[in-house]
Amino acid sequence: MRGADMLARSLARAGVKQVFSLSGNHIMPVYDAALDAGLRIIHVRHEAAAVHMADAWGRLTGEPGVALLTGGPGHANGVSALYTALASESPLLLLSGEAPLAERHKGAFQEMGQAAIAAPLVKAAFTAMSAGNLPADLARAWRQAKFGRPGPVYLGLPFDVLEAKVDEAACPLPDAAAFAVKPIPFGAAAAHAVLAELARARRPLVLAGPAMGTDRGRAALIALEGATGIPALCMESPRGINDPSLGAFAQVLAQADLVVLLAKRPDFTLRFAQAPALDAACRFIVLDPDPEALRQAGYAIGDPARLALAALADPFEAAAQLAGLARPARSAWAGEVAAAVRARPAAWQTVAGKPGALHPAELGRAVQRHLDAAPEAVLVADGGEFGQWAQACVSAPTRIINGPAGAIGSALPFALAAKLARPDASVLALLGDGTFGFHMAEFDTAVRAKLAFVAVVGNDACWNAEHQIQLRAYGAARAQGCELLPTRYDRVAAALGGHGEHVERGADLPAALARAAASGLPACLNVPIERLPAPAVHA
Ligand SMILES: Cc1ncc(C[n+]2csc(CCOP(=O)(O)OP(=O)(O)O)c2C)c(N)n1
């Protein structure tokens with residue numbers, strides 16, 4: 001058996017059903033081995049899309065998504081997407097072919113320091129050195145991706161390692177236990193210490209990091225909030241405390257006197273835990289699975305008197321233990337926080353755009369009604385100002401956004417992987433026109449893979465987020481370079497075999513959304529919108 005067969009069979013043992021891939025010389029043995037191992041290949045049109053798809057798969061299933069890329073430039077193309085997965089704490093395996101070990105340092109075709117290139121953007125990066133060890137290498141990478149704070153892991157696959165023959169009897173495939181991780185336990189004593197601090201606080205908050213932005217994480221936070229009466233929120237937006245989907249959260253945050261950071265870094269998203277975003281006297285309990293993150297939290301918080309408690313903890317274990325031991329309490333504070341998070345300007349319920357250009361809130365209203373009628377929905381939101389409007393106006397039980405990385409462009413690959421992970425769900429992506437351009441060729445992948453979703457492009461013919469910066473910082477007379485054309489992105493989707501419609505009136509949106517969903521194809525609604533700054537929901 002070849003190393004490639006050992007790898008493909010080990011992937012199947014881990015429960016992997018498909019790999020997101022773009023072919024290339026170095027990895028063709030794995031394509032061949034995938035036939036016998038029963039692995040489906042979702043063949044994409046750009047390597048970064050494969051990594052974004054693996055990212056979405058990880059967020060939706062909790063198990064690492066697998067991207068399989070070719071060596072050199074193929075690998076390099078995919079690397080940028082690792083940053084989004086790392087910041088969103090998404091379990092992912094990047095497997096890239098590499099030049100043969102035997103040709104290293106001799107000028108091999110596409111020889112590149114691939115592990116070194118990936119290293120800053122992953123939890124671990126290493127290269128397989130023997131075919132016999134491939135199953136163990138894969139299991140190790142898998143466990144690393146899932147353990148503690150999840151994230152991407154890189155495993156390099158030199159061509160001669162994939163082609164080398166091994167004696168199967170001498171190298172057994174990993175069993176299920178090899179892929180399992182044990183969470184860091186959170187004992188009753190630690191939980192009681194946290195609960196005692198919480199009982200003394202008047203305006204406590206629990207803030208969770210991006211790893212709890214998943215369905216499982218949101219359910220854990222709802223259970224924790226229900227058991228303790230303490231508001232528990234997930235922060236996963238690059239806009240941090242001004243996350244538009246958290247309404248006027250920044251106002252209540254400034255009043256908190258104790259914040260439990262549940263695998264949530266007190267980083268730029270939380271203004272480094274300093275005043276005025278947080279009260280100068282606010283204290284913190286830091287529970288984090290990563291010793292380095294604990295150290296950084298202490299450094300950011302600064303004054304040791306503000307650090308009530310810090311402990312190594314798995315956030316899910318801690319949430320469950322705290323919920324199990326808490327005595328329920330109700331407070332006006334919880335109601336105030338909930339009202340702040342729900343707060344949206346009343347005008348958004350009725351506002352309409354100009355002829356030929358919808359107001360983003362008008363678009364959001366129609367999309368929300370469409371999603372509310374779907375039995376199961378996954379919302380993807382991405383882009384600049386329109387992405388912020390989308391997140392402020394539209395919600396769904398399951399949501400994927402670009403996350404703290406703040407990198408635009410992942411929406412279409414996310415939507416495609418979401419349909420694969422949730423075949424029965426209505427998958428709807430809201431994205432800006434600039435954002436659409438990054439991975440529009442993935443409509444072709446979606447058509448070939450028979451993955452239907454609806455993408456709604458808020459088209460303001462502009463890289464508006466940057467245009468708005470120009471207007472604010474330099475004035476309208478010096479705004480240059482951020483214009484786009486009013487391109488018919490619906491026609492792009494249709495040309496690639498999908499369903500496309502151009503919708504200029506709010507009244508036409510419900511029927512267009514229904515037709516797009518009923519088409520059974522990957523669909524794009526191109527909707528001209530007004531060029532507005534991101535919403536201010538703090539009123
Ligand atoms: C990968 C990446 N490149 C560039 C940026 C900078 N950026 C943020 S928003 C934005 C404009 C996005 O335009 P569009 O998707 O059309 O949304 P709009 O702001 O127009 O609503 C740009 C260029 C980024 N965040 N990520």
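In each ligand, atom 1 is the first atom listed, and ligand 1 is the first ligand listed. Note that the structure is predicted; figures quoted are calculated from it, not measured.
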Legend entry - NZ/NE/NH1/NH2 to OD/OE distance under 4.0 Å, R295 and E292: yes
Inset, instruction - Inspect the surroundings of CZ in F438 and state if more than 12 heavy atoms from other residues, nucleotides or ligands are less than 6.0 Å away. - result: yes
Inset, instruction - Quick one: sort the Y31 and H43 rings into parallel, tilted or perpendicular, breaks at 30° and 60°. - result: perpendicular
Inset, instruction - Give the ring-plane orientation class for H439 versus H46, where under 30° counts as parallel, over 60° as perpendicular and anything between as tilted. - result: perpendicular
Legend entry - Under 4.0 Å from ligand 1, counting heavy atoms only: the protein residues, by chain and number: G383, G384, E385, F386, G406, A407, I408, G432, D433, G434, T435, D460, C462, W463, N464, A465, E466
Legend entry - Donor-acceptor contact present, side-chain K17 to main-chain R40, <3.5 Å: no
Legend entry - Y489-F443 aromatic ring centre distance below 6.0 Å: no
